[in-house]
Amino acid sequence: MNEIIENKKKSEILAEKINELNYGDVLTHEQIASLIEEDYPSNKYTSTIAKVKKLLLKKYNKAIENIVGDGYRVVDPDDFVKQSLKHYKRGFNEMQKGYDTLEYAPTKDMTKEGRDTYRRVHDRAITLAAAMKGASVELRTLGQKKHPMALENIKN
């Protein structure tokens, strides 16, 4: 096994192994740790998993999801939308934190230049927050299995 690891990156080895699995199959943390020769939990283990996720998606059109405490499951094709929405939600939440930071900024204590910068950014943030809220609702609606605008759900 060491010869293989010397010639290939650990992330590539694990991605190839996962690509051989069927949708829904699970690899335990112990199996992964043994395969990549890294302890679980460790920073190297975690960073290898992050690299594997990118490789799987871009090279093999596959994804894995964490099963807390157990390992990782190969995502079924029909669940890719759900996975995608999880990532969008995380991004929306981070944008909300940025917006909240601006909303509660101590503008009365800012310099004139600081307030000018604040106003420019805050004005854009309001527009962006409204657009993101609409996009969030739209993505959630479009991701539903029984979407209200699907042809089979429209009543004449």
Side-chain angles (χ1 to χ4, degrees), residues 9-19 21 23-29 32-33 36 38-155:
K9 293 180 180 176
K10 294 176 181 188
S11 55
E12 291 172 350
I13 293 166
L14 184 54
E16 288 172 3
K17 172 69 175 167
I18 292 171
N19 186 47
L21 300 175
Y23 297 115
D25 285 353
V26 173
L27 266 179
T28 65
H29 290 301
I32 293 170
I36 64 174
E38 293 294 345
D39 291 332
Y40 170 78
S42 69
N43 287 338
K44 284 189 176 185
Y45 180 95
T46 304
S47 67
T48 301
I49 292 294
K51 291 173 188 172
V52 166
K53 286 181 174 184
K54 289 178 185 176
L55 263 173
L56 280 172
L57 193 59
K58 293 178 180 178
K59 189 172 181 181
Y60 301 110
N61 298 351
K62 285 193 172 183
I64 55 175
E65 63 184 344
N66 186 21
I67 304 169
V68 179
D70 290 336
Y72 289 88
R73 176 186 304 118
V74 181
V75 175
D76 288 317
D78 287 351
D79 291 335
F80 267 62
V81 171
K82 185 174 82 174
Q83 286 295 109
S84 165
L85 291 174
K86 283 182 189 177
H87 292 293
Y88 278 116
K89 184 172 174 29
R90 260 186 251 131
F92 291 148
N93 289 342
E94 285 300 310
M95 291 182 74
Q96 183 63 47
K97 288 177 190 175
Y99 182 80
D100 289 344
T101 301
L102 281 175
E103 277 297 298
Y104 297 103
T107 54
K108 67 179 182 345
D109 297 330
M110 290 180 182
T111 63
K112 180 185 178 334
E113 295 80 23
R115 270 192 306 280
D116 289 344
T117 302
Y118 168 84
R119 285 188 188 111
R120 284 192 307 272
V121 172
H122 187 259
D123 289 349
R124 292 287 183 172
I126 288 171
T127 304
L128 180 60
M132 295 308 288
K133 189 66 170 173
S136 175
V137 170
E138 186 177 5
L139 285 173
R140 195 170 36 251
T141 303
L142 291 171
Q144 293 174 357
K145 291 188 190 247
K146 294 187 177 184
H147 185 271
M149 296 305 288
L151 291 175
E152 61 272 12
N153 297 326
I154 297 175
K155 295 178 182 167

Using side-chain contact (heavy atoms from CB on, under 4.5 Å), reason through Ile64 and Arg73 one step at a time and then give a plain yes or no. CA-CA 5 Å; Ile64 55 175; Arg73 176 186 304 118; over 6 Å; no
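- Relative ring orientation between His29 and Tyr72 is described as perpendicular, the plane-to-plane angle rising above 60° on a 0-90° scale split at 30° and 60°.
- With rounding to the nearest 0.5 Å, the separation of NZ in Lys58 from CG in Asn61 is 12.0 Å.
- Atoms OH and CD1, from Tyr60 and Ile18 in turn, are 10.5 Å apart once rounded to the nearest 0.5 Å.
- Side-chain contact between Leu57 and Phe80 is present, with heavy atoms from C-beta onward closer than 4.5 Å.
- Between Ile32 and Leu14, the closest side-chain pair of non-hydrogen atoms falls below 4.5 Å.
- For the residue pair Val75 and Asp79, the shortest heavy atom distance occurs at CG1-CB, 3.7 Å.
- A salt bridge does not link Asp116 with Arg120: every distance from a Lys NZ or Arg NE/NH1/NH2 to an Asp or Glu carboxylate oxygen is 4.0 Å or more.
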Step by step, would you call Tyr99 with Met95 a side-chain contact (heavy atoms from CB on, under 4.5 Å)? CA-CA 6 Å; Tyr99 182 80; Met95 291 182 74; over 6 Å; no
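- By the 6.0 Å contact criterion, NZ on Lys44 is open, its count of non-hydrogen atoms from other residues, nucleotides or ligands being 12 or less.
- Taking NE2 of His87 as the start and NZ of Lys82 as the end, the distance is 12.0 Å to the nearest 0.5 Å.
- Residue Tyr45 comes nearest to Asp39 through the heavy atom pair CB-O, 3.3 Å, listed as atom of the first residue, atom of the second, then distance.
- The environment of Asn93 atom CG is dense: over 12 non-hydrogen atoms of other residues, nucleotides or ligands sit within 6.0 angstrom.
- For Lys133 and Phe92, the positive end is not near the middle of the six-membered ring at less than 6.0 Å and at most 45° from its axis.
- At least one donor-acceptor pair closer than 3.5 Å links the side chain of Thr127 to the backbone N or O of Asp123.
- The distance from the CD atom of Gln96 to the CG atom of Asp100 is 4.5 Å, given to the nearest 0.5 Å.
- Here the closest non-hydrogen pair linking Lys17 and Leu27 is CG-CD1, 4.4 Å.
- Looking at Glu12 and Lys9, no side-chain N of the basic residue comes within less than 4.0 Å of a carboxylate O on the acidic one, giving no salt bridge.
- Panel note: side chain Tyr118, backbone Leu102; a donor-acceptor pair is recorded below 3.5 Å.
- In this structure, the separation between OG1 on Thr28 and CD1 on Ile67 is 10.0 Å, given to the nearest 0.5 Å.
- When atom types are taken as modelled, the side chain of Arg115 and the backbone of Met110 share a donor-acceptor pair closer than 3.5 angstrom.
- Here the CD atom belonging to Gln83 is positioned 4.5 Å from the NZ atom belonging to Lys86, to the nearest 0.5 angstrom.
- Shown here for Val74 and Lys62, the closest heavy-atom pair between the two residues is CG1-CD, 4.3 Å.
- Side-chain N/O atoms of Arg119 and His122 include no donor and acceptor closer than 3.5 Å.
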